[in-house]
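Okay, structure first, notes after.
What you are looking at is a predicted structure, and each value in this text was computed from that prediction instead of being measured. Reckoned from all heavy atoms, side chains included, excluding hydrogens, waters and symmetry mates.
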Amino acid sequence: MYGALFGFVKNMKNYKILSNIKGPNDLKDLTKNELEILSAEIRKKIIEVVSSNGGHLASNLGVVELTVALHKAFNSPNDKIIWDVGHQCYAHKLLTGRFDKFDTLRKEGGISGFTKPNESNHDPFISGHASISLSAACGIARAELLKGTNNAVIAVIGDGALTGGIAYEGLNNAVGLSNLIIVLNCNEMSISKTVGSFARHVSTMRSNQTYISTRMAVKGTLDKIPIFGKLVKNTIHNGKKKVKKILYKSDFFTELGFSFLSPVDGHNVTELTQALNWAKQTDKPALIQVFTKKGQGYFKAVENPGLYHGVAPFDIKNGIEFINTSECFSDVFGKELTKLAEKDDNICAISAAMEHATGLIYFKSKFPDRFFDVGIAEQHAVTYASGMSSNGLLPVFAVYSTFLQRGYDQILHDAAIQNEHILLAVDRAGIVGEDGETHQGVFDTAYLSSIPNITIFSPCNYKELRGMLRRALYYTDGVVALRYPRGSEYDKLSSYDDSYKDYRIIGDCDKIIVTYGRLLGEALKAQISLLQKGIKVAVMKIGKIYPISNELLNDLKNYREVYFFEESIKSGGIGEHIASKLLELGFKGKWSLSAIDNKFIPQSTVNSALESLGLNSCGMENKVLANQINKKHMLAERG
C-alpha cells in the first residue's frame, strides 16, 4: 500500500496536505485516508531533501507513521516528545512548523538534523548521542509532576539505543512517573544491525502483530455489553499476565513497574494511535513496543538500511553508487588493520554499532571470530578491550571522536591506570561538518592528553595512517590513540611518510607554523602564498602529538615567531601543552595559538568551518601577515 501511495505522491506537483500542516493541531481532524497520504508526502519530502543535502535517511523513513500518530495522540509542545537519537526527527520537524524551512536541513544557517530546543519549542531536548532519552524523559516527567501539570512525556528509543547502559539506568529510575510513556521502536538496527542478548529478547515479541488490534476490538465490544461484558473483562484481566508470559516469555518490563503493551504495528497510524491513547490512561509509566522497518517507503533503503543510515547527496532513481572511486581514512584504516591481522592472531577489533562507518566491515568479513560489535556501549567497549589486553590480546576499538567522550572514565580507570595496551582508533577527529555541535570531534586531544600513560598519533595522510597503526600496535606501550579525520587525504600530502618520526620541519626560517593532521595541507599552502609575498616561514608537522618530545621542544625554542594552529579545542589542547613546556624552557620568542576557543561549532561544511575559525590557509597567512605589519608599526614608532 505504501509503495503505491509513494508513487502517487511522487507525481503530485504540490504537497497538498503536508504544506498545510503548520503545527500538530492540524493533524487532529484528518481522516484515516488523509493521514496515509500525509505519511506518503512526508516520505517524499524526506527523500527529496536528504538526496540533495545528505543526512539520515533510513531511520527517518522508518518512523513516519509513528511520528504522525504521536502528534495526533498528544499535544506538543505541552506534551514533550524526546527522540533517541535525535537524527530520526525529520518527520517531527515537518509536522511542527518547519516544512517551509526543511530544504535548509543540515545546511549552514539552516535547521539542524537533530532536535534543538533553540530551534523550536517542540524540541524539548538535544539528543545527538544515543541512549539518553530515558534519563532525560525521567527528569522532565518528574519536573512536570512537581509543577502539577497533566502533561505527558514521551521518549522514543530504538532497540539499538537500548543496548546503551544509561538507558537501563533510566528504566530503573522510572518508577512512580505516571506521566511517562516509552515507545520502544524495534527495527533490529541501530547503525549496524542490533546485537546482544536483550536485542534478541525484544525481537521475539514481534511474533503476534495482530495481538493489540484483536485486544482493542474485543475490549470495545465488551464495553457495550452491561454486567456480562464487565465480568468477562475482569476474567480476561486476571489471566492477562499468564497469556503475556506465554506469548513473550518474560515479564521484564511489567516487573520493572511498567504498563506494557506489545506488539504494535509501527506503520499503522490507527493502531499506533490506539496504543498511545491506551498509554495515556494508565496509572503507571507505560512502555509500548512498536515494530517498524528502517527505510520504509524507499526500497533501496529497506534492502540496505546500514548503507542508507547516514548518506551524502545521491540520485533518488539510482540510489547510492556502490563503486567507491576514492578511499577515505576509515577505509584505509579498516583494510590495513585486516592486513595486519592476517599475520597476528592476537589482533581483535571492537565496534560500538559502527562497523560500516569505521571501516571495520573489512575486518569482520575476514575474521568474524575476532570481530566484536558490543552495541551502542562505548563505555563497555573500552573496558572490554582492557580485559582482552590484560589477557594477552591486542584489542583495537574503532570509534568516532564524539562517541569516545562517553568512555572517558573507562579509559582513565580501566585502561590507563593498569597501563593496558589498547588501541583507540579515533575516527572523525576534528571538524565533521553538517552534523553540527553534537558530532564535532574537537575535544579528544584535550580529554585524552589529560590522562597519564597515553600516546596520541595524528597522521596527515594514508601512508602515515598505515605506518602509525603499526607503530601504535607494536612499538608503543599503554593506551594509544590514533586519530584521523573524516573524508579523504589531501592529495598533495600523499608523499609524506613520517610514521616513525615524532615531527618534521619543512623549510628554514626564524618563523614557523606548527600544526598536525590534515591542517598540514593548509599550512603548506600558506607557506607558498607567504613566500610569494616575500615572507619566508617554516612549517613543523607533528605526528606524535602527545606526549611531546623534548627534541621537538628544543627545536621550537630557537624560533623568534611560532604560530600554532589546531583543529581542536584550545583549552587543554596540544598547543597549550607545548606553550607551557616552552615557557618552562625559557622560550623568549613570540607565540601565537589559533584553535577553537571555548565554543561549540555549528553545522556547515568542513571548509566553511575551518575558514570561520581561521584554520584554513588564508587564516594562517593572515595571522603571520598581521604580525609582520604590527612589527613594522612598532619599528616606525620607535624610529
Side-chain angles (χ1 to χ4, degrees), residues 191-193 195-196 327-401 403-404 407 410-411 414-429 444 448 451 453-459 461-484 497 499-500 543-544:
I191 296 173
S192 300
K193 191 170 179 64
V195 298
E327 286 187 306
C328 65
F329 278 95
S330 303
D331 289 333
V332 172
F333 159 76
K335 291 175 182 177
E336 188 65 19
L337 183 66
T338 305
K339 182 178 177 181
L340 292 174
E342 291 174 355
K343 298 179 180 179
D344 190 341
D345 293 340
N346 287 322
I347 293 178
C348 298
I350 301 168
S351 170
M354 301 285 284
E355 64 194 55
H356 290 276
T358 59
L360 287 183
I361 191 66
Y362 305 106
F363 191 102
K364 177 184 178 181
S365 177
K366 192 74 177 286
F367 304 108
D369 293 340
R370 286 190 272 152
F371 170 79
F372 307 97
D373 186 345
V374 300
I376 301 176
E378 293 84 2
Q379 295 167 283
H380 166 61
V382 173
T383 304
Y384 185 61
S386 299
M388 284 183 166
S389 171
S390 72
N391 209 16
L393 298 179
L394 267 177
V396 179
F397 175 33
V399 59
Y400 284 10
S401 171
F403 300 141
L404 184 60
Q410 286 68 36
I411 298 169
D414 301 334
I417 287 178
Q418 301 182 103
N419 206 29
E420 294 296 348
H421 185 35
I422 68 171
L423 174 60
L424 305 171
V426 187
D427 202 331
R428 268 63 166 182
D444 61 87
L448 289 174
I451 301 174
N453 297 339
I454 199 166
T455 303
I456 310 173
F457 294 108
S458 186
N461 60 20
Y462 298 160
K463 283 184 180 178
E464 289 192 348
L465 175 58
R466 295 184 184 101
M468 288 179 182
L469 178 57
R470 288 185 175 86
R471 184 178 176 186
L473 286 172
Y474 298 116
Y475 301 99
T476 312
D477 296 327
V479 180
V480 188
L482 177 64
R483 66 186 307 273
Y484 43 90
D497 188 1
S499 304
Y500 292 87
K544 189 184 81 171

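Of the possible donor and acceptor atoms, one in the side chain of D373 sits under 3.5 Å from a partner among the backbone N and O of A353. Within the 3.5 Å criterion, the main-chain N or O of G387 finds a donor-acceptor partner in the side chain of S390. Side-chain N or O atoms of T338 include one that pairs as donor or acceptor with a backbone N or O of G334 at under 3.5 Å.
Counting heavy atoms from C-beta on, the side chains of L423 and L469 come closer than 4.5 Å. Taking the side chain as every heavy atom from C-beta outward, F371 and K366 never approach each other to under 4.5 Å. Annotation: side chain of R466 is not in contact with side chain of P459 (no heavy-atom distance under 4.5 Å). A 4.5 Å side-chain heavy-atom check between V396 and F363 finds every atom pair outside the cut-off. Residues M388 and C348 meet the side-chain proximity criterion, which asks for heavy atoms closer than 4.5 Å. Using a 4.5 Å cut-off on side-chain heavy atoms (C-beta onward), D345 and R370 make contact. At least one side-chain heavy atom of H421 sits under 4.5 Å from a side-chain heavy atom of V480.
To the nearest 0.5 Å, the span separating CG on L340 from CZ on R470 amounts to 5.0 Å. With rounding to the nearest 0.5 Å, the separation of CG in D444 from CZ in R428 is 13.5 Å. Rounding to the nearest 0.5 Å places CG of N391 at 10.5 Å from CG of N346. Here the straight-line distance linking atom CD of E336 with atom NZ of K339 works out to 5.5 Å at 0.5 Å rounding.
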Verdict with reasoning, L465 to L482, per side-chain contact (heavy atoms from CB on, under 4.5 Å): CA-CA 8 Å; L465 175 58; L482 177 64; 3.6 Å; yes
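The side-chain hydrogen bond (donor to acceptor under 3.5 Å, both in side chains) pairs that include a residue from residues 376-388 are T383-D414, where partners are two or more places apart or lie in different chains. Under the salt bridge (Lys or Arg N to Asp or Glu O under 4.0 Å) criterion, no residue pair touches residues 383-398, with sequence neighbours excluded.
Contacts of F397 classified as ring pair (Phe, Tyr, Trp, His ring centres under 6.0 Å), with partners at least two apart in sequence or in another chain: none. Partners of Y474 under the side chain to side chain donor-acceptor pair (under 3.5 Å) rule, at least two apart in sequence or in another chain, are D344. Every residue was checked against the side chain to side chain donor-acceptor pair (under 3.5 Å) condition with T358, not counting sequence neighbours, and none meets it. For S499, the side chain to side chain donor-acceptor pair (under 3.5 Å) test picks out D497, with sequence neighbours left out.
Nearest heavy-atom pair across A385 and I350 is CB-CD1, 3.6 Å.
None of F333, Y484, F329 except one satisfies the side-chain contact (heavy atoms from CB on, under 4.5 Å) rule with Y462; the exception is F329.
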